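Every chain is numbered from 1, with letters handed out A, B, ... down the list of sequences. Note that the structure is a prediction, hence the values are computed from the model and not measured. Every heavy atom of this structure was used, including side-chain atoms; hydrogens, water molecules and symmetry mates were not.
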Amino acid sequence: MTLAPETTTLKVQVNVGHDWVTVCDLDRLPAGRGVAALLPDGRQIALFRDRAGRTYGIDNRDPFCGAAVLSRGLTGNHQGRPFVASPLLKQRFDLESGQCLDDPAVSVAVYEVRAV
Amino acid sequence: MSATLGATPTIVLVGHGMVGQRFLEALAERGLTATHRVVVLCEEPRPAYDRVQLTSYFSGKTPEDLSMTDLDFIRDHGIELYVGDPAESIDRESRKVTARSGLVVDYDVLVLATGSYPFVPPVPNKDAEGCFVYRTIEDLLAIEEYAKSKATTGAVVGGGLLGLEAAGALKGLGLTSHIVEFAPRLMPVQVDEGGGAALLRTIEEMGLSVHTGVGTQEILVGENGSVTGMKLSDGSELATDMVVFSAGVRPRDQLARDCGLTVGERGGITVDEQCRTVSDPHVFAIGECALASDGRVYGLVAPGYEMAETAAATIAADDAEQLEFTGADLSTKLKLLGVDVASFGDAHGTADDCLDVVYSDSRSGLYKKLVIGRDGTLLGGILVGDAEAYGTLKAFTGSVPPVSPESLVLPAGAGESAQLGPTALPDEAIICSCNNVTKGTIRGAVTEHKCTTVPEVKKCTKAGTTCGSCVKVLGQLINAELEASGVEVDKGLCGCFSQTREELYEIVLALRINSYQDLLDRYGREGARGGDGCETCKPAVASIIASLAPTIGASGYVLDGEQASLQDTNDHFLANLQKNGSYSVVPRIPGGEITPEGLIVIGEIARDFGLYTKITGGQRIDMFGARVEQLPLIWARLVDAGFESGHAYGKSLRTVKSCVGQTWCRYGVQDSVRMAIDLELRYRGLRSPHKLKSAVSGCARECAEAQSKDFGVIATSNGWNLYVGGNGGATPRHADLLAQDLSDAELIRLIDRFLMFYIRTADRLERTSVWLERIPGGLDHIRDVVVNDSLGICEELESLMAAHVSHYRDEWAETINDPEKLARFVSFINAPDTPDPVVGFVPEREQIKPDLPLLTIGMRPMEALEGSATR
Ligand code: SRM
Ligand SMILES: Cc1cc2nc3c(=O)[nH]c(=O)nc-3n(C[C@H](O)[C@H](O)[C@H](O)COP(=O)(O)OP(=O)(O)OC[C@H]3O[C@@H](n4cnc5c(N)ncnc54)[C@H](O)[C@@H]3O)c2cc1C
Ligand code: SF4
Ligand code: FES
């Protein structure tokens, strides 16, 4: 959730505990749309970038259906909070906290993402 | 068999028609169903239905649609309903009714609601094969069957309201139709000479032959005993294959006569102001079978409802509610064969010293007359051709309208015509005469019961639930009331836009805005500008931009630039997401026609990629189980073999189904396959507020189910009939007939206009069926706009469609030729060659299905993910 200046040579990195793993060039991350990345331990992460250039990372798996598809959802803004809506059954997840906005009992893991 | 007289008193209702049903509701409302045993003897094979809307059966309403009886209501109130078991005799001495089945019921109160029967003049051969009446659903089914199999010409005896309806129905069934009316004009009861002339002209223009001033002397039959024609009183003969008698109705009072109840000289069971028979305090009669205390038999439903309420209140012996039925208004408004005809109050000007104000334009079939009393009181009137003002005028009847009477009948634009809105009406004004609902009650529904829509108010007040002629005024009143009470209904698309989809469409088109961000930043709500939008408006705006792409200078390719990020996930991948994250692929198979080679290619591709195949409900083939990275490879093979995207993923044209049609089928009258292919290729790729489906049938047998489609086409021997607004899905709706006997070019032009008008004005995710029911004026309005060009926009609609058609490109081909786009079709951005491990399959019936347990593996508790994020 760091502010990333808008340049194309930057790399997107994800914090996986003690290390930062580089996943792709920032320009592969289109504003308003996500991509999925595979972490070294086999976990899947959904990466997003908003219009202001901020990047986000949450677990790619839709906790309601089990499929790894959150990266393919539509993003948006709800009361100032960025979210992604699952493409399967449309539940929304806060990109900063991982909290499901439609079911307080459900959340997904969030990852620290930066562009360097 | 005899039902014993228990402790609870018994009410027996004979006749479960419209009035009978209302009577049951009135009993329930007054709590009488709890304190009484209620037994209903129903002659027809089905419980009460909406006879007033009977003719709508021919425009697609099913008997179920017409039903007025909620079986839950019957059950919840413990009503014993005997369907198909008419009362045969009444023993008033011992208070017993005997039904045909032998059932005997003792009654404390007997209510006769037996309605009327159609009068058939006693002419020779009146019962021959091919003679019909027009009263029940069964009558219509019989007419339909005969018309379809044995007739090409039909004649209706009687040019009254029902006769015209019947003649219109025959015409709709494809028959050459005649109307024979004894009186010198059509609808002699409702309209005067001038009105009759206007009506005649319009009806003849529709291709119906009208013979007025002649009676029917004899029905002519052929050797096999079925109708071949009729002999008229002027000596002439009219050849016809079938005859429908619609020469008025007579009260069904035989049962009453047989048990000695007093009946009127010209029929009708004589009742007092409480609807109690004058002969027996235990017996009531209501509806069309009753001769009311004012000496009249009422052949309309509204007075019948009033009688039902009166009888129920009397039986309840509720002193607080002393109802009386002493007579009723005979106002009617009808839409006959598409012509508005209304009469209200003292339409024929029988009052002393009354004056007429008449506006007549026989060129356009308009005739309007108001009857005004000496003091300026509006006494009644007749409207033919344009009955817009009916609701308001009727409610003003009996008072002096606030504007001059002339201005009320002049057409807009001619002189000083005044729009007298329903807001000017007093609270006591009756808005719905069928159900006796006043303006005050409707306002109350909005202010006290918080209704905000027409359907809600209908439910709350019953207004508008019968003939429907008041619905328009109802809508106006509700809106006025909402505005007055300061209720600000946010009609905005979502939290980002305060405009409706329709308004955004207009903005995009008018200002040629081809970027979502631009639209949001300039026209979004205050707080949303500059932001990221949301999942509601993004696809909606993407769809508008795509529909208008060539016109507003946007790319017609939905994955271009910013457009890609706005698309729903299915459009984003040009395929349909399945539950495990895999996709399905549906190539277009226009009209469902496919060569053996085509089938083989699809089979080979599916086999090579290990896909599950299934024939869809849309006459094509779906291949399931493709991983995202396989999609372009599959498309490449398909495109190579001449296939293209079937847009199974888009809110756009899906399929145009077809039947085999004239080419092979012995019944076919047009080449339905060719037309289906033409339509599918014309409208493919057209992005719209919701998906669009179509079908073309080669004859009226309708094997392609065109009437369940957004736009459906059925061949006739003269061309094509176009139906619109059909729907399958959870709320099925039969399509309405928009136009008949169109040539190929006319058909396509009309569909162009219809679709573009829908795209322009519908809400997001609003199918044509819902749209058609929502928009003010409904089908009539749509017909006005797209057939009569009442808004003068048809040329624009056509040119928008022309632009779409000429700019169409296949999205799959476009994508496989664009390396940058192709790079998106990977499971992982950082491991393009690795497939998503969660997408797995297991065997099922010699094919595959998603491996669901795989989806649950690794569904670890959330906290584990935080802590164990090592490697
Ligand atoms: C594949 C198919 C079922 C089949 O195996 O036969 C199908 C599958 C789906 N239908 Fe359907 N419908 C299919 C024919 C139909 C039909 C029959 C027809 O078209 O003649 C209907 C009823 C007709 C109609 O639409 O009025 C139909 C009415 C629906 C509806 C209800 C629409 C409504 O207005 O109520 C939905 C839900 C929606 O669109 O909101 C729906 C939605 C869906 C979705 C998109 C549900 C979803 O979100 O996953 C399914 C995805 C298809 C996929 O993944 O490929 N499907 N669906 C059929 C594809 C036809 C084709 O070749 O394109
Ligand atoms: C095509 C058509 C269009 C119409 N349009 C309009 C309109 O626009 N506006 C309007 O106000 N009115 C209209 N009407 C008239 C309206 O339908 C009637 O006024 C209304 O149905 C009368 O209701 P009812 O209950 O008295 O009679 P019905 O609805 O006829 O019901 C009487 C029932 O009693 C049954 N019955 C008879 N004898 C027995 C027995 N012995 N035992 C058991 N059951 C028995 C009959 O089978 C019938 O089902 C129209 C009628 C038709 C046919
Ligand atoms: S709709 Fe008519 S033409 Fe088409 S297959 Fe059926 S019967 Fe034949
Ligand atoms: S006037 Fe007939 S439904 Fe209201």
Quick check on B:N570 against chain A: is it the side chain, the backbone, both or neither that has a heavy atom closer than 4.5 Å? neither

Chain B: which of A:D50, A:T22, A:V12, A:V21 shares the most heavy-atom pairs with it under 4.5 Å? A:D50

Which answer fits B:V628, side chain, backbone, both or neither, if we ask what part of it has an atom under 4.5 Å from a heavy atom of chain A? side chain

Using a 4.5 angstrom heavy-atom cutoff, name the option from B:S582, B:A831, B:G531, B:A528 with the most pairs to chain A. B:G531

Shorter than 4.5 Å, heavy atoms on both sides: which option in A:L38, A:I45, A:N60 has the most such pairs with chain B? A:L38

Between B:L577 and chain A, with a heavy-atom cut-off of 4.5 Å, which part of the residue counts as in contact: side chain, backbone, both or neither? side chain

Checking A:R61 side chain against A:A67 main chain: does a donor-acceptor pair fall under 3.5 Å? no

With a 4.5 angstrom heavy-atom cut-off, is it the side chain or the backbone of B:Q578 that approaches chain A, or both, or neither? backbone

Donor-acceptor pairs under 3.5 Å, side chain of residues 84-95 of chain A to any protein atom, not counting sequence neighbours: which ones?
residue : atom : partner : partner atom : Å
A:S86   : OG   : A:D62   : OD2          : 2.6
A:S86   : OG   : A:L88   : N            : 3.1
A:R92   : NE   : A:D102  : OD2          : 3.4
A:R92   : NH2  : A:D102  : OD1          : 2.9
A:D94   : OD1  : A:E96   : N            : 2.7
A:D94   : OD1  : A:S97   : N            : 3.2
A:D94   : OD2  : A:R81   : NE           : 2.7
A:D94   : OD2  : A:R81   : NH2          : 3.0

Report the residue from B:R687, B:K651, B:H647 that forms a side-chain hydrogen bond (donor to acceptor under 3.5 Å, both in side chains) with B:D571. B:R687

Can you list the residues that meet the ring pair (Phe, Tyr, Trp, His ring centres under 6.0 Å) rule with B:F825, with sequence neighbours excluded? B:F573, B:W635

Backbone of A:R72 reached by a side-chain donor or acceptor of B:H572 within 3.5 Å: no

With no hydrogens and no angle check, is any side-chain donor or acceptor of B:T500 less than 3.5 Å from a backbone partner on B:E503? yes

Is it true that A:T75 and B:K538 share a donor-acceptor pair across their side chains at a distance under 3.5 Å? yes

Side chain, backbone, both or neither: which part of B:T834 has a heavy atom under 4.5 Å from chain A? side chain

Residue part contacting chain A, namely of B:A823, when any heavy atom lies under 4.5 Å: both

Side chain / backbone / both / neither for A:V35 at chain B, heavy atoms under 4.5 Å: side chain

Can a side-chain donor-acceptor contact be found between B:T815 and B:Y557 if the only test is distance below 3.5 angstrom? yes

Which of A:V23, A:L29, A:V69 touches chain B most, by non-hydrogen pairs under 4.5 Å: A:V23

